[in-house]
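Okay, so here's the structure we're looking at.
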2 protein chains.
Amino acid sequence: MKNKRHSIKDIAAALNVSVTTVSFVLNGKAREKRISEEVTKKVLDYAKSINYKPNQLAQSLRTGRSKIIVVMVEDISNYFFSKLARIIEDIAYDKGYKVLFCSNENKDERSRDLINLFRERQVDAYVIVPSPGIQQDIAELVSDDIPVVLFDRYFPEIETNYVIIDNSEAVHKASQHLVDNSYKNIGFITISSSQTQMEARQRGYREAMQANNLKEFVLEVPFYEKNIEKVKELIKEYIAAQGLDAIFFATNYLTQIGLEVIRESYPEKINEMGIITFDDNDLFKIYFPPITAVSQPLEEIGEELMTTVLKMLKNASDKPYKNQKILSASLIERNSSFPNKSRA
Amino acid sequence: MKNKRHSIKDIAAALNVSVTTVSFVLNGKAREKRISEEVTKKVLDYAKSINYKPNQLAQSLRTGRSKIIVVMVEDISNYFFSKLARIIEDIAYDKGYKVLFCSNENKDERSRDLINLFRERQVDAYVIVPSPGIQQDIAELVSDDIPVVLFDRYFPEIETNYVIIDNSEAVHKASQHLVDNSYKNIGFITISSSQTQMEARQRGYREAMQANNLKEFVLEVPFYEKNIEKVKELIKEYIAAQGLDAIFFATNYLTQIGLEVIRESYPEKINEMGIITFDDNDLFKIYFPPITAVSQPLEEIGEELMTTVLKMLKNASDKPYKNQKILSASLIERNSSFPNKSRA
DNA sequence: ATGAAAGCGCTAACAC
DNA sequence: GTGTTAGCGCTTTCAT
């Protein structure tokens, strides 16, 4: 039972009508084109009976639209991105779009390869977490009138739509929370990177320390250090040297390594030190102690991203849709940032 | 600078040669078709200068191949699947294929919608974690000679390629590990589901208990119970009622809920009870105590999946490639499954 | 109310 | 060696 694919032509032939008629009917233009009830029904019934599926490739070739949106993130296996992917996927399918997810590993070359790949495929729009050096490539997409929305970070120098969160405000507030809970020597572990979101997070921390007349302790882990053991060593020394009573981890990834270091080298400190992480994760709430986290509004980001993209897709190039959105993150307070408290 | 897209025709016109020549050159068939060095170079140079990108849609329409592979999993935001996605993505891009990831939420209707969606798009191959009731749909794909590989679970009744792991063996061994560490009342928390992998896991547990003359304590959480609080309640009562000294969680998801219950209701037990989870997660190794986990060989699964798909794609329908692979999971022993041991 | 036909961009058999 | 052309499946203008 090798039911080969049926084309619009097959239907036309079988029903003794023209492809035009079939096309009109199938595209719901029967009324508008004043196709007779009878023919309309005949076509519809037959199409159903053979389980006709239009060839979207041909359709896209003809219309120039592929109904595909690319979502390029740093690493799809990252909790934040994969959760977001799930949300975006739902919205897109709902609107008749498919979503291609891909990871650029924060590398420019890979980002470029991917963008080129998809341009060849006439992808309709791009949602991108840009790697540091692809400003030019993004600018090109924009100038070619291809809908692009950046998120997580962006390029202040070019005119693009983006959805980000107010990183510095979020970190500032979270740092203040530590101060309010009477931690005095608050360390900030981040990566050395000039990405907008990382700079903003560090700024938030520094501002909070200055506002409270506290000393700043920043550890910048080399961005491209792939050797986890080295990173662990750095963090281990840093904790020992500075006499910290609290640590703010600027990324989820660093938190995981940091917690491992604490467990291995300073197990007694896990219940003493104040700990806050940027980006939540399901497992942080069941940790001992539960870890306080700055949580990005995933749903909101996903929705904002998609409404922006869909609006850009709708508005032709004549009246470009502009949307630069800065959302707020929330602080989920858990035991790890409270001293002298029963800390299960 | 709205550089509109260039077509092969544009090139031909600009260079005063035919589209055929251009096509041949661009497809690397210059030698084979004995196009002169001169023309070849001219075309290549010009194509480069205008940054020519072939329209893949047209190409696919013509060749019938889209160079897209669909990977449909239960939930792309799940740790296991998202990590695997990352691995598959890399292999695929390397071989010139793009990958579309999507989540079926283990629902038949959604699975069907997605499959239909992609069939319309002439996707080349499918890698699928099947929802329970889509046996028929899978069988159809197979009978239509469309490459399909199932994984995580499969349908024993139909002849398909698949890559799974030996769930019962893995759980049996891990259960034995608990017995060897002198736990006596070992509970098994799973979901009520007839999926092959879940049945195999439960079988492994039961076999191990029987082999050791130990009593079996199985809790089956209703599969479609979306209310987490209810699930927590079930687990909480179960732990209290059975006097267990160890628990085996059959899925990562249950482990998370279970750990939360323990933290909230039986904090003193976290360091006494033996705990093993199915499927590892980065965070389990930094937990207090670190959680022993049955770990699926992600890389191996990803590679096996992709080599299978690629081979099926290569071998035309004449000599179907057969590969039903059963891999082994490994037990990562951490403190949570050892009693009387310093448990940081 | 329906049909013929052009054309989206590309490939490849065939012609010269 | 290079060009002509049919056709992949569809949409849509124009004709009848």
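Residue numbers start from 1 in every chain, and the chains themselves are labelled A, B, ... in the order their sequence lines are given, proteins ahead of strands.
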- Task: Take the C1' atoms of the five end pairs on each side of the helix from C/dA1-D/dT16 to C/dC16-D/dG1, get both axes, and report the angle to 10 degrees.
- Result: 50°
- Query: Quick one: side chain to side chain donor-acceptor pair (under 3.5 Å) partners of B/Y79, sequence neighbours excluded?
  - Reply: B/D282
- Task: Starting at atom CZ of B/R65, determine the distance to atom C1' of C/dT11, rounded to an integer number of angstrom.
- Result: 11 Å
- Query: If you draw a 6.0 Å radius around CD in B/E109, do more than 12 non-hydrogen atoms from other residues or ligands fall strictly inside?
  - Reply: no
- Task: Given side chain to side chain donor-acceptor pair (under 3.5 Å), test A/T308 with A/N323 step by step and report yes or no.
- Result: CA-CA 7 Å; A/T308 306; A/N323 191 24; 2.9 Å; yes
Could you list the protein-to-nucleotides 6-8 of chain C atom pairs, N/O on both sides, closer than 3.5 Å?
| unit_1 | atom_1 | unit_2 | atom_2 | d |
| --- | --- | --- | --- | --- |
| C/dG7 | N2 | A/R62 | NH1 | 2.8 |
| C/dG7 | N3 | A/R62 | NH1 | 3.3 |

- Query: Donor-acceptor pair, B/R112 side chain versus B/I134 backbone, under 3.5 Å?
  - Reply: no
- Side-chain N,O (B/Q59) to OP1/OP2 (C/dT11) below 4.0 Å: yes
- Note on the structure: Here the pair of heavy atoms bringing B/P132 nearest to B/F155 is O-CE2, 3.3 Å
- Hits for side chain to side chain contact (heavy atoms under 4.5 Å, CB included) against B/V99, two or more places apart or cross-chain, chain-then-number order -> B/V71, B/I88, B/A92, B/F101
- Message: Using whole Å, what does the distance between atom C1' of nucleotide C/dT2 and atom CG of A/L15 come to?
- Response: 14 Å
- Query: Starting at CZ of A/R34 and ending at C1' of C/dG3, how long is that distance when rounded to a whole Å?
  - Reply: 16 Å
- Query: With nearest nucleotides of DNA chain D determined for A/L57 and B/S36 from heavy-atom distances, which residue corresponds to the more 5′ nucleotide?
  - Reply: B/S36
Polar atom pairs between nucleotides 14-16 of chain C and protein, under 3.5 Å, N or O only, would you list them?
none

Only pairs under 3.5 Å count here: list side-chain donor-acceptor contacts from residues 52-70 of chain B, not counting sequence neighbours, and write none if there are none.
| unit_1 | atom_1 | unit_2 | atom_2 | d |
| --- | --- | --- | --- | --- |
| B/K53 | NZ | B/N51 | OD1 | 3.4 |
| B/N55 | OD1 | B/L57 | N | 2.7 |
| B/N55 | OD1 | B/A58 | N | 3.1 |
| B/N55 | ND2 | A/Q122 | OE1 | 3.4 |
| B/Q56 | OE1 | A/R121 | NH2 | 3.0 |
| B/Q56 | NE2 | A/E120 | OE1 | 3.2 |
| B/S60 | OG | B/Q56 | O | 2.9 |
| B/S60 | OG | B/R65 | O | 3.0 |
| B/T63 | OG1 | B/Q59 | O | 2.9 |
| B/T63 | OG1 | B/R65 | N | 3.3 |
| B/S66 | OG | B/I68 | N | 3.4 |
| B/S66 | OG | B/Q122 | O | 2.7 |
| B/S66 | OG | B/D124 | OD1 | 3.4 |

Tell me which donor-acceptor pairs under 3.5 Å the side chains of residues 30-44 of chain A have, and how far apart each pair is, sequence neighbours excluded?
| unit_1 | atom_1 | unit_2 | atom_2 | d |
| --- | --- | --- | --- | --- |
| A/S36 | OG | A/V39 | N | 3.2 |
| A/T40 | OG1 | A/S36 | O | 2.8 |
| A/K41 | NZ | A/D45 | OD2 | 2.6 |

- Query: Residues in side chain to side chain contact (heavy atoms under 4.5 Å, CB included) with B/L298, at least two apart?
  - Reply: B/F80, B/K83, B/L84, B/I87
- Message: What is the first contacted nucleotide of DNA chain D and what is the last, in 5' to 3' order, if contact means an atom lying under 4.0 angstrom from a heavy atom of chain A?
- Response: D/dC8 to D/dT13
- Query: salt bridge (Lys or Arg N to Asp or Glu O under 4.0 Å): which pairs involve residues 301-310 of chain B, sequence neighbours left out?
  - Reply: B/E304-B/K325
- Message: With a 4.0 Å cut-off on N to O distance, would you call B/K107 and B/E105 a salt bridge?
- Response: yes
- Query: With sequence neighbours left out, what residues match B/E300 under salt bridge (Lys or Arg N to Asp or Glu O under 4.0 Å)?
  - Reply: none
- Residues passing the side chain to side chain contact (heavy atoms under 4.5 Å, CB included) test with A/S82, sequence neighbours excluded, are B/S77, B/S82
